[in-house]
Amino acid sequence: MKISEMANWPLKQIFWPPSLVMRQLGSALLFSHMIKWKQFPKWMYRHGLNSLPIAAGSIGMGCIGFPAHPAWEVTSACNLKCIHCHAVANTPGKDELNTDEAKKFIDELARVDEFRMLVYTGGEPLVRSDIFELMEHAKKAGLINVIATNGTLITEEVACRLKEVGLATAAVSLDSWREEVHDYVRNKPNAFELAMRGIRALKKAGIPLQINCTAMQYNIHDLSELVDLADDLGSGIMLMYQLVPVGRGETIKDATLKINENERLLKFLAKKQQDVSTIIEPVAGPQYWPYLMELSGKTGGIWMRMAKEVFHGCSAGRGFVYIKSNGDVWPCPFVEVNAGNVRNRPFDEIWRNSSVFENLRNRESTLKGKCGECDYRTICGGCRGRSMAYSGDYLSEDPSCFLRTESEILRPCEMPDQKIAATG
């Protein structure tokens, strides 16, 4: 980047407080130590500096790794119709924020000191006609741009345009290394081929890559090879979501990972992480962090105090916030609780004063059931989205927690109308 270009950036974009840098470094070091991460030096060399803007505003590794940021569903429109998506529409909503409203909203986001980065999601954000104009506005406002995309619409021309508007990273969704499985989940032939085309275009444009995956019964046996693929593609971060049965996902509830699969997945991630340079971070599986502590035998005293500084578990409403295309403000796409609307009230006021967010930020006293009694409620807290999906109460206990529950044996789930043999 040219010095002349940096001169036009707001201070927030070019000045990183030493405390923020040290916090992020401390998160990575503690994680590496607990998991015995052999490839940590390689990750630092390949991705360490690039991860700083991607993890902008980090308050410690959490459910999704960098909780202090907003994710904005810029449109409900999408060119795909994925079977597991938390959204249910494929066309733009009639009440989506228009360009002027969207720019005003971006300015309100920029007033929140802890926000340095904005994630554009959907639907598919690239189907919104003014997406580049909005990214340019956010860049000028001092926010770093990140996009979560299915990758199928990214050509070399689109990738170059994304680079021009300051895209710091692109999170591309891959649900399997096998084309037939990915295409089934994405509900479109050639979706895998088009996503790989998009990844190649992003790499050619010099845009750092992140891979997102949703673990479910349909792809549970493909995950090891998929992690290897993400590593081979040069992905600095891989977010491993778990299917939460909301939106379209509610129609495939049997494909969710139950207690024993949640435990099996997190143990797999801990073992797999040792030999890959891509850092794998679970989403909707905050039990990962206390599991690592127990695995390494570091559960008390100074280790617990350090863990509370860098592991924050479920970040819904505690740093992470999800804004719907119509301006409704939710704690998370899986916690469908409306804290307000940016058309009626400035975002920063909703963020600071909502009782919903207050409940989630004070979870030591608000969580119910086993989560409320657990010693790990600060560094885990259970998945609030899964609690909401199964009980209707976002503060109830997480039914998938295995830390204090004996596992049960469950049958695997076959794909309807399309029997794909499991591998691995």
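Every heavy atom of this structure was used, including side-chain atoms; hydrogens, water molecules and symmetry mates were not.
- With respect to the salt-bridge test (charged N to carboxylate O, under 4.0 angstrom), the residues R178 and E225 do not qualify.
- Taking CG from N187 and SG from C82, the interatomic distance works out to 7.5 Å, rounded to the nearest 0.5 Å.
- Between the R197 side chain and the T152 main chain, a donor and an acceptor come within less than 3.5 Å of each other.
- For R116 (side chain) and I144 (main-chain N/O), no donor-acceptor pair under 3.5 Å exists by modelled atom type.
- Between K188 and D183 there is no salt bridge, since no side-chain nitrogen of the basic residue lies less than 4.0 Å from a carboxylate oxygen of the acidic one.
- Remark: the backbone N or O of F347 is paired with a side-chain donor or acceptor of E108 at under 3.5 angstrom.
- Between D222 and H182, the closest side-chain pair of non-hydrogen atoms is not below 4.5 Å.
- A tilted orientation is assigned to the rings of Y322 and W330, their planes being inclined by 30° to 60°.
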Q) Would H69 and F115 satisfy ring pair (Phe, Tyr, Trp, His ring centres under 6.0 Å), going step by step from the backbone distance to the final call? A) CA-CA 5 Å; H69 76 283; F115 290 167; 8.0 Å; no

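- Here the CD1 atom belonging to I323 is positioned 5.5 Å from the CG atom belonging to L109, to the nearest 0.5 angstrom.
- The heavy-atom pair separating Q287 from S400 by the smallest distance is NE2-OG, 4.4 Å.
- Classification of R343 and E101 as a salt-bridged pair holds, one side-chain N sitting under 4.0 Å from a carboxylate O.
- A donor-acceptor pair is defined here as one N or O able to donate and one able to accept, closer than 3.5 Å; no such pair exists between the side chain of R384 and the backbone of C332.
- Ring-plane geometry between W72 and F105 is classed as perpendicular, the angle between the planes exceeding 60 degrees on a 0 to 90 degree scale with a lower cut at 30.
- Closest approach of Q242 and R386 over heavy atoms only: OE1-NH2, 3.1 Å.
- A salt bridge links K267 to E263: at least one charged side-chain nitrogen sits closer than 4.0 Å to a carboxylate oxygen.
- The distance from the CZ atom of R200 to the CD1 atom of I154 is 12.0 Å, given to the nearest 0.5 Å.
- Between the OH atom in Y120 and the CG atom in L134 there is a gap of 6.5 Å [rounded to 0.5 Å].
- Between F40 and W43, the ring planes lie parallel to each other; the angle is under 30°, not in the 30° to 60° tilted range.
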